[in-house]
There are 2 protein chains.
Amino acid sequence: MSPTPITTPDALAQRLAHSGLRSTPQREVIYDVLLKKRDHPTADEVYARVRTDLPSISLATVYNCLETLVQCDLVRAVNFERGPTRYCPNLRPHAHFHDEQSGSTHDIDLPADLLEKVSAVLPPGYDAKSVEITFRGKAQAKH
Amino acid sequence: MSPTPITTPDALAQRLAHSGLRSTPQREVIYDVLLKKRDHPTADEVYARVRTDLPSISLATVYNCLETLVQCDLVRAVNFERGPTRYCPNLRPHAHFHDEQSGSTHDIDLPADLLEKVSAVLPPGYDAKSVEITFRGKAQAKH
DNA sequence: GTACTAGTTTAGAATAGTTCTAATTATCAC
DNA sequence: GTGATAATTAGAACTATTCTAAACTAGTAC
């Protein structure tokens, strides 16, 4: 279901082009930032990191680019309760674990069949395009 | 895991008292409104419905009371992407299905063992207090 | 019953995160 | 190069929510 992860700028350009979009410095740097430190940053955090490379980028552009990457299936937007949206370049099927103590978010890889098993609980007439699984609790320090 | 649903005002009062809180007209009416129409209303929608009974209630009180009911495990707060928080008095283990066309939310009852099965994917060191499962897609009109 | 105490409600201000708007800039096709 | 389209930008606007400080309410001790 999920497309293969992309790790080179060229591949990013291709994926964008496939949706009729251009590769721009802003989009590239933002995508790089997400790949480099996979700690589910918020738009603000991405903004701060990107500015070391592109000091004149605007926050609106960060939002625009993140949304673009989400639309192209290069990045997942993750929401947890009423907190700010976080962004995640992990495209394998995975759940999210939110550590209440540290506020950090961890990816939990899912066995291939689990999402199917979960979707099987849907009564007839329900057609799910996506499933989100989110845990909340505490994780040991080392994570 | 989930406490038994409460359907009488007395039981609500007891549950509140158990947390050292009082039963007030505002809390009662808000809880009634949630029980009466289980369509996952937002705080604004609750506010509108409650005002037919308590025309002078304030929106802040609606937020306060909803939060109180959530704290007492009488109501679940449900978030979907960046939309406003919705409130749900269904305490049985269930997932949520968001119909993209209508914007409506449906409860999906879960078999007793599913949440355990899902939690079993957590690596050692992760201790989940709660699990959320959310589907997105389209549901047939009759739902 | 009066006074004390803590819990509750209230209106409105403040905040956070995000989206919108309109202008500017960059890129592509010809 | 020129024109068309896409992308970026700054700042205003918006939405949902939380905060603040004052007013109100209810139970308790006398």
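Each chain gets a letter, A, B and so on, in the order the sequences are listed, and its residues count up from 1. Worth saying up front: this structure is predicted, and the values here are computed from it rather than measured.
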*Taking only Lys NZ, Arg NE, NH1 and NH2, and the carboxylate oxygens of Asp or Glu, determine whether A:R49 and A:D39 approach each other closer than 4.0 Å.*
yes
*Just call it for B:T24: base, sugar-phosphate, or nothing, with non-hydrogen atoms closer than 4.0 Å on any strand.*
sugar-phosphate
*How close or far is atom P of C:dC28 from atom CG of A:L16, stated in whole angstroms?*
13 Å
_Nearest whole Å is fine: how far is C:dT9 P from B:E28 CD?_
11 Å
*asked:* Between B:V78 and B:T134, is there a side-chain heavy-atom distance shorter than 4.5 Å?
replied: no
*Could you check how far CG of A:L66 sits from C1' of C:dG17, rounded to whole Å?*
13 Å
*Does the side chain of B:L122 reach to within under 4.5 Å of the side chain of B:D127, using non-hydrogen atoms?*
no
_Nucleotide-resolved protein contact map, nucleotides 10-29 of chain D, B/S/- at heavy-atom distance under 4.0 Å_ = BB----SBBB-----BS---
*What's the CD-P distance between A:Q26 and C:dT25, to the nearest Å?*
14 Å
*With B:E81, which residues qualify under side-chain hydrogen bond (donor to acceptor under 3.5 Å, both in side chains), at least two apart?*
B:R136
*With B:T85, which residues qualify under side-chain hydrogen bond (donor to acceptor under 3.5 Å, both in side chains), at least two apart?*
A:R82, B:N79
*Whole-Å distance between C:dG7 C1' and B:Q71 CD?*
16 Å
_Cation over ring face, B:R51 and B:Y47, 6.0 Å, 45°_ = yes
